[in-house]
Amino acid sequence: MDQFIDAYKLVVLKNYANFEGRLGRGAFWRFVLVNLVISIVLSILAQTFGVVFWLAYVLYAVGVVIPGIAAGARRLHDTNKTAWLLLIGLIPFVGFIVLIVLFAMEGDKQANDHGPVPTDVYDEYA
């Protein structure tokens, strides 16, 4: 459980708006999972208890937009692709599926145009 929380902190707190460098598959998907769980819990609380939790849900959703985009960009950099490919997500239906496939691809095992191999302890490269 600590790995998930630490990976979330790594993406949200330490690299809030960092669009450069690389983010490994493990850290990226841990961030996505924790983000999804927090969003679902806040959504359920908002539906159950009303305005206060709805406001918390909206503030949280707005607060993780930039770290989410930054994490996606760095994940694409790990596969030696440009972050502009995030715009594929704007294509209805198909774009989301294409992004999931790109995010799930294995990253380069050596340094690439976007930097060295990710070395945080929560990646499969460590």
Side-chain angles (χ1 to χ4, degrees):
M1 185 62 140
D2 289 337
Q3 288 181 342
F4 290 94
I5 294 170
D6 290 343
Y8 183 80
K9 287 180 187 176
L10 174 75
V11 172
V12 175
L13 299 177
K14 293 182 182 175
N15 290 303
Y16 184 82
N18 180 11
F19 292 87
E20 296 179 6
R22 295 167 62 176
L23 181 64
R25 222 177 1 186
F28 175 78
W29 287 111
R30 285 182 183 100
F31 162 72
V32 169
L33 181 63
V34 171
N35 190 30
L36 182 66
V37 168
I38 291 171
S39 295
I40 289 171
V41 167
L42 285 175
S43 176
I44 291 170
L45 289 172
Q47 291 175 3
T48 305
F49 297 108
V51 176
V52 174
F53 284 102
W54 179 82
L55 182 61
Y57 174 74
V58 169
L59 288 174
Y60 176 77
V62 169
V64 295
V65 166
I66 292 174
I69 294 171
R74 288 184 290 126
R75 178 67 201 121
L76 289 172
H77 288 169
D78 190 39
T79 60
N80 207 20
K81 295 189 178 19
T82 179
W84 287 103
L85 286 175
L86 287 172
L87 294 176
I88 289 175
L90 297 175
I91 300 171
F93 307 112
V94 177
F96 182 70
I97 295 168
V98 171
L99 277 180
I100 288 175
V101 169
L102 290 173
F103 290 150
M105 291 175 62
E106 184 176 0
D108 290 350
K109 293 187 186 225
Q110 65 275 355
N112 64 22
D113 297 340
H114 302 286
V117 176
T119 57
D120 59 291
V121 296
Y122 304 107
D123 280 331
E124 59 272 15
Y125 302 118

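These figures come from a predicted structure and were not determined experimentally. FYI, side chains are in, hydrogens and waters are out, and symmetry mates aren't considered; it's all heavy atoms of this structure.
- At least one donor-acceptor pair under 3.5 Å links the side chain of N112 to the backbone N or O of H77.
- Interatomic distance, L55 CG to Y60 OH, rounded to the nearest 0.5 Å: 15.5 Å.
- Note that NZ of K81 is 8.0 Å distant from CG of L76, once rounded to the nearest 0.5 Å.
- Placement of V98 and L87 in two distinct hydrophobic clusters is found when ILVMFWY residues are connected by side-chain heavy-atom separations under 4.5 Å, directly or transitively.
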Open item on the list: Please evaluate residues F103 and T79 with respect to the criterion side chain to side chain contact (heavy atoms under 4.5 Å, CB included), reporting the C-alpha separation (whole Å), side-chain torsions for both, the decisive distance (0.1 Å), and the verdict.
Closed with: CA-CA 8 Å; F103 290 150; T79 60; over 6 Å; no
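- Of all heavy-atom pairs between A111 and V117, the closest is N-CG2, 4.0 Å.
- Atom CG in D113 sits 10.0 Å away from atom CZ in R22 (nearest 0.5 Å).
- Residues satisfying the ring-ring contact (aromatic ring centres under 6.0 Å, His included) criterion with Y16, sequence neighbours excluded, are absent altogether.
- Both V32 and V65 belong to a single network of hydrophobic side chains, linked directly or stepwise wherever heavy atoms of I, L, V, M, F, W or Y lie under 4.5 Å apart.
- Counting non-hydrogen atoms of neighbouring residues, nucleotides and ligands closer than 6.0 angstrom, the CZ atom of F19 exceeds 12 such neighbours.
- Under the 4.5 angstrom side-chain criterion for Ile, Leu, Val, Met, Phe, Trp and Tyr, the cluster partners of L36 are I40, I44.
- The shortest non-hydrogen separation linking I69 to L86 is O-CD1, 3.6 Å.
- Clustering ILVMFWY residues whenever any of their side-chain heavy atoms sit less than 4.5 angstrom apart, transitively, puts L102 in the very cluster that holds V94.
- There is a path of hydrophobic side-chain contacts, each under 4.5 Å, that joins M105 to L85.
- The shortest distance between side-chain heavy atoms of W54 and L42 does not fall below 4.5 Å.
- Between the side chain of D108 and the main chain of Q110, no donor-acceptor pair closer than 3.5 Å is present.
- The neighbour count for I66 CD1, taken as heavy atoms of other residues, nucleotides or ligands under 6.0 Å away, does not exceed 12.
- Within the 3.5 Å criterion, the main-chain N or O of N35 finds a donor-acceptor partner in the side chain of S39.
- Placement of W29 and I97 in two distinct hydrophobic clusters is found when ILVMFWY residues are connected by side-chain heavy-atom separations under 4.5 Å, directly or transitively.
- Residues passing the side chain to side chain donor-acceptor pair (under 3.5 Å) test with N80: none are found, sequence neighbours excluded.
- A distance-only check finds a donor-acceptor pair linking the side chain of R25 to the backbone of A104 [under 3.5 Å].
- D78 is listed as a side-chain neighbour of P118, based on a closest heavy-atom distance under 4.5 Å.
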